[in-house]
*Asks:* 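Would you mind keeping the following structure in view while I ask a few things?
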Amino acid sequence: MEWREEGIVLGVRRQGETSAVVEIMTRERGRHLGLVRGGRSRKLQPVLQPGNQVEANWRARLDEHLGFMTVEPLELRAARLMESAIGLHGIQLLAAHIRLLPERDAHPRLYDAIQTIVDHLADPIAAGVMILRFEVALLEELGFGLDLETCAATGTRDDLVYVSPKSGRAVSRAAGEPWKDRLLPLPGFLSQDATRPDAAHLEAGFRMTGFFLARHVWEPRAIEAPASRSGALGIIARSVRE
């Protein structure tokens with residue numbers, strides 16, 4: 001069994017004295033692990049850092065084996081990401097989200113989104129919007145997609161300001177008014193094209209996705225929300241307010 005494909009390094013752990021198990025996200029083969037011989041060498045350590053773009057060659061006798069991987073650097077972003085707190089928290093959060101998906105399942109939309117996000121982590125506000133949209137897409141890929149395009153009660157596409165915590169569907173202002181205290185706020189920029197969001201809108205958006213991630217993913221799996229999420233959200237919130 002053998003394949004060759006570009007990927008983004010998500011993580012690495014030591015294996016023995018000189019080798020490393022590397023975790024990458026690829027477009028066609030999803031999240032994939034492989035043993036890199038000499039992965040802890042001075043030559044490869046700078047390459048095997050989260051956020052870096054590499055070309056990976058994976059080989060194994062059987063498809064279900066861990067397999068051996070060789071990597072060649074294509075774009076080394078890690079140093080740039082390490083220069084900012086949002087860069088560090090951002091790539092860690094994206095990796096944590098990707099690990100919620102089954103290993104080796106292809107999710108090209110999420111892979112393309114990561115490619116875009118890691119190139120915009122220097123701008124916390126732009127990164128915040130992209131990460132929020134990524135979480136919405138992640139819920140859909142996990143089978144818990146939200147319907148933010150039409151009102152659950154009336155079918156209209158206008159003035160959508162709430163989300164039902166039960167159905168995950170948008171609700172218009174008029175239809176949701178009697179139950180507004182029980183509904184989640186829906187930031188306008190998620191359901192329609194809008195200008196750069198303010199702090200309140202971003203906070204509401206992440207509160208919404210956090211609610212559904214907790215209900216459908218974290219709590220059923222008995223896991224906590226990643227610490228990198230609260231770290232990234234704090235940095236984004238401060239940047240929006242400045």
Side-chain angles (χ1 to χ4, degrees), residues 85-87 89-94 96-98 100 109-110 112-114 116-219 225-242:
I86 185 61
H89 286 294
I91 190 62
Q92 291 172 4
L93 175 58
L94 292 172
H97 280 337
I98 289 297
L100 296 173
R109 180 168 62 145
L110 296 184
D112 292 342
I114 295 175
T116 303
I117 295 170
V118 293
D119 287 331
H120 289 82
L121 284 176
D123 182 344
I125 301 175
V129 174
M130 292 179 186
I131 292 172
L132 179 56
R133 293 187 183 279
F134 182 89
E135 292 190 344
V136 173
L138 175 68
L139 282 164
E140 184 173 344
E141 296 286 314
L142 287 167
F144 307 108
L146 308 179
D147 181 357
L148 307 179
E149 301 298 324
T150 59
C151 175
T154 65
T156 182
R157 294 176 176 270
D158 300 324
D159 203 22
L160 304 177
V161 297
Y162 304 113
V163 177
S164 167
K166 291 185 178 180
S167 67
R169 297 188 61 189
V171 181
S172 68
R173 189 185 308 274
E177 181 63 25
W179 301 279
K180 63 181 181 181
D181 293 339
R182 303 179 186 179
L183 301 174
L184 299 169
L186 171 62
F189 71 91
L190 277 181
S191 59
Q192 55 191 305
D193 293 333
T195 57
R196 201 173 175 90
D198 59 22
H201 286 153
L202 268 178
E203 182 180 350
F206 279 113
R207 187 164 63 250
M208 178 192 70
T209 53
F211 173 86
F212 290 107
L213 283 168
R215 167 184 279 185
H216 296 303
V217 186
W218 297 329
E219 291 176 2
S228 52
R229 189 175 190 269
S230 59
L233 267 54
I235 296 166
I236 292 166
R238 289 194 296 271
S239 299
V240 176
R241 294 190 181 101
E242 290 177 355

*Asks:* So do the side chains of Leu138 and Leu213 get within less than 4.5 Å of each other, counting heavy atoms only?
*Replies:*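 Yes - at least one pair of side-chain heavy atoms lies under 4.5 Å apart.
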
*Asks:* With sequence neighbours left out, write down each residue that passes side chain to side chain contact (heavy atoms under 4.5 Å, CB included) with Arg215, or none if nothing qualifies.
*Replies:*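 Arg215: side chain to side chain contact (heavy atoms under 4.5 Å, CB included) contacts with Phe211.
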
*Asks:* State, to 0.1 Å, how close Pro165 and Arg182 come at their nearest heavy-atom pair, and which atoms those are.
*Replies:*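 Pro165 and Arg182 have their closest heavy atoms at CG-O, 3.3 Å.
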
*Asks:* Mind listing the closest non-hydrogen atom pair of Trp218 and Ala225 along with its distance?
*Replies:*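 Closest approach of Trp218 to Ala225, heavy atoms only: CZ3-CB, 3.5 Å.
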
*Asks:* Do Leu190 and Leu146 have side chains that get closer than 4.5 Å, going by heavy atoms?
*Replies:*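 Counting from C-beta outward, Leu190 and Leu146 never come under 4.5 Å.
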
*Asks:* Got a donor-acceptor contact below 3.5 angstrom from the Asp159 side chain to the Val161 backbone?
*Replies:*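 Absent.
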
*Asks:* Using 0.5 Å steps for rounding, measure from the CG atom of Leu93 to the CD1 atom of Ile117.
*Replies:*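 Leu93 CG to Ile117 CD1: 8.5 Å, rounded to 0.5 Å.
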
*Asks:* Under the rule for side chain to side chain contact (heavy atoms under 4.5 Å, CB included), what residues qualify as partners of Thr156, not counting sequence neighbours?
*Replies:*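 Cys151, Thr154, Asp158, Ser172.
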
*Asks:* Say you draw a straight line from CG of Leu183 to CZ of Arg169; how long is it, rounded to the nearest 0.5 Å?
*Replies:*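 Rounded to the nearest 0.5 Å, the CG-CZ separation comes to 13.0 Å.
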
*Asks:* Write down the atom of Ala85, the atom of Ile235, and the distance for their closest heavy-atom approach.
*Replies:*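 Reported closest heavy-atom pair: CB-CD1, 3.4 Å.
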
*Asks:* Rounded to the nearest 0.5 Å, how far apart are CZ of Phe189 and CG of Leu132?
*Replies:*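 Atom-to-atom, Phe189:CZ and Leu132:CG are 5.0 Å apart.
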
*Asks:* My understanding is that only residues two or more places apart in sequence, or in another chain, count here; which of them pass side-chain hydrogen bond (donor to acceptor under 3.5 Å, both in side chains) with Ser230?
*Replies:*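 Residues passing side-chain hydrogen bond (donor to acceptor under 3.5 Å, both in side chains) with Ser230: none at all.
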
*Asks:* Could you tell me which residues satisfy side chain to side chain contact (heavy atoms under 4.5 Å, CB included) with Ile91, sequence neighbours excluded, listed by chain and number?
*Replies:*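 Once residues adjacent in sequence are excluded, the partners of Ile91 under the side chain to side chain contact (heavy atoms under 4.5 Å, CB included) criterion are Pro50, Leu81, Val118.
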
*Asks:* Looking at side-chain heavy atoms only, is the closest gap between Phe206 and Pro187 below 4.5 Å?
*Replies:*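 Counting from C-beta outward, Phe206 and Pro187 never come under 4.5 Å.
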
*Asks:* Rounded to the nearest 0.5 Å, what's the gap from CG on Leu202 to CD1 on Ile236? Could you check?
*Replies:*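 Atom-to-atom, Leu202:CG and Ile236:CD1 are 7.0 Å apart.
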
*Asks:* Listing request: all salt bridge (charged side-chain N to carboxylate O under 4.0 Å, His left out) pairs with a residue in residues 226-236, at least two apart in sequence or in separate chains.
*Replies:*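 Salt bridge (charged side-chain N to carboxylate O under 4.0 Å, His left out) check on residues 226-236 returns Glu135-Arg229.
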
*Asks:* Please list all pairs passing the ring pair (Phe, Tyr, Trp, His ring centres under 6.0 Å) test where one or both residues lie in residues 155-187, with sequence neighbours left out.
*Replies:*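 Not a single pair qualifies under ring pair (Phe, Tyr, Trp, His ring centres under 6.0 Å).
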
*Asks:* I'd like to check Pro185 versus Arg207 (side-chain heavy atoms, cut-off strictly below 4.5 Å). Are they in contact?
*Replies:*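 Touching, per the 4.5 Å side-chain cut-off.
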
*Asks:* For Glu219, check side-chain hydrogen bond (donor to acceptor under 3.5 Å, both in side chains) against everything at least two apart and list the hits.
*Replies:*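 Once residues adjacent in sequence are excluded, Glu219 has no partner under the side-chain hydrogen bond (donor to acceptor under 3.5 Å, both in side chains) criterion.
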
*Asks:* Taking all heavy atoms of Glu149 and all of Leu160, pick out the closest pair and write down the distance.
*Replies:*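 For Glu149 and Leu160, the tightest heavy-atom pair comes out as O-CD1, 3.4 Å.
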
*Asks:* Return the minimal non-hydrogen interatomic distance between Leu121 and Ala127, and the atom names on each side.
*Replies:*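 For Leu121 versus Ala127, the nearest heavy atoms are CD2-CB, 3.8 Å.
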
*Asks:* Could you list the residues that satisfy side chain to side chain contact (heavy atoms under 4.5 Å, CB included) with Asp112, not counting sequence neighbours?
*Replies:*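 Side chain to side chain contact (heavy atoms under 4.5 Å, CB included) check on Asp112 returns Arg27.
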
*Asks:* If I compare all heavy atoms of Leu186 with all of Ala170, which pair ends up nearest, and what's the gap?
*Replies:*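 That closest heavy-atom pairing would be CD2-CB, 4.0 Å.
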
*Asks:* Test: ring pair (Phe, Tyr, Trp, His ring centres under 6.0 Å). Region: residues 134-160. Which pairs qualify, not counting sequence neighbours?
*Replies:*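 Listed by first then second residue: Phe144-His216.
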
*Asks:* What distance do His97 atom NE2 and Leu139 atom CG have between them, rounded to the nearest 0.5 Å?
*Replies:*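 His97 atom NE2 to Leu139 atom CG measures 8.5 Å (nearest 0.5 Å).
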
*Asks:* Listed by chain and number, what are the side-chain hydrogen bond (donor to acceptor under 3.5 Å, both in side chains) partners of His201, not counting sequence neighbours?
*Replies:*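 Partners of His201 by the side-chain hydrogen bond (donor to acceptor under 3.5 Å, both in side chains) criterion, ordered by chain and then number, come out as Asp198.
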
*Asks:* Output all residues satisfying salt bridge (Lys or Arg N to Asp or Glu O under 4.0 Å) with Arg109, sequence neighbours left out; order by chain, then residue number.
*Replies:*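 By the salt bridge (Lys or Arg N to Asp or Glu O under 4.0 Å) rule, Arg109 matches Glu140, Glu141.
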
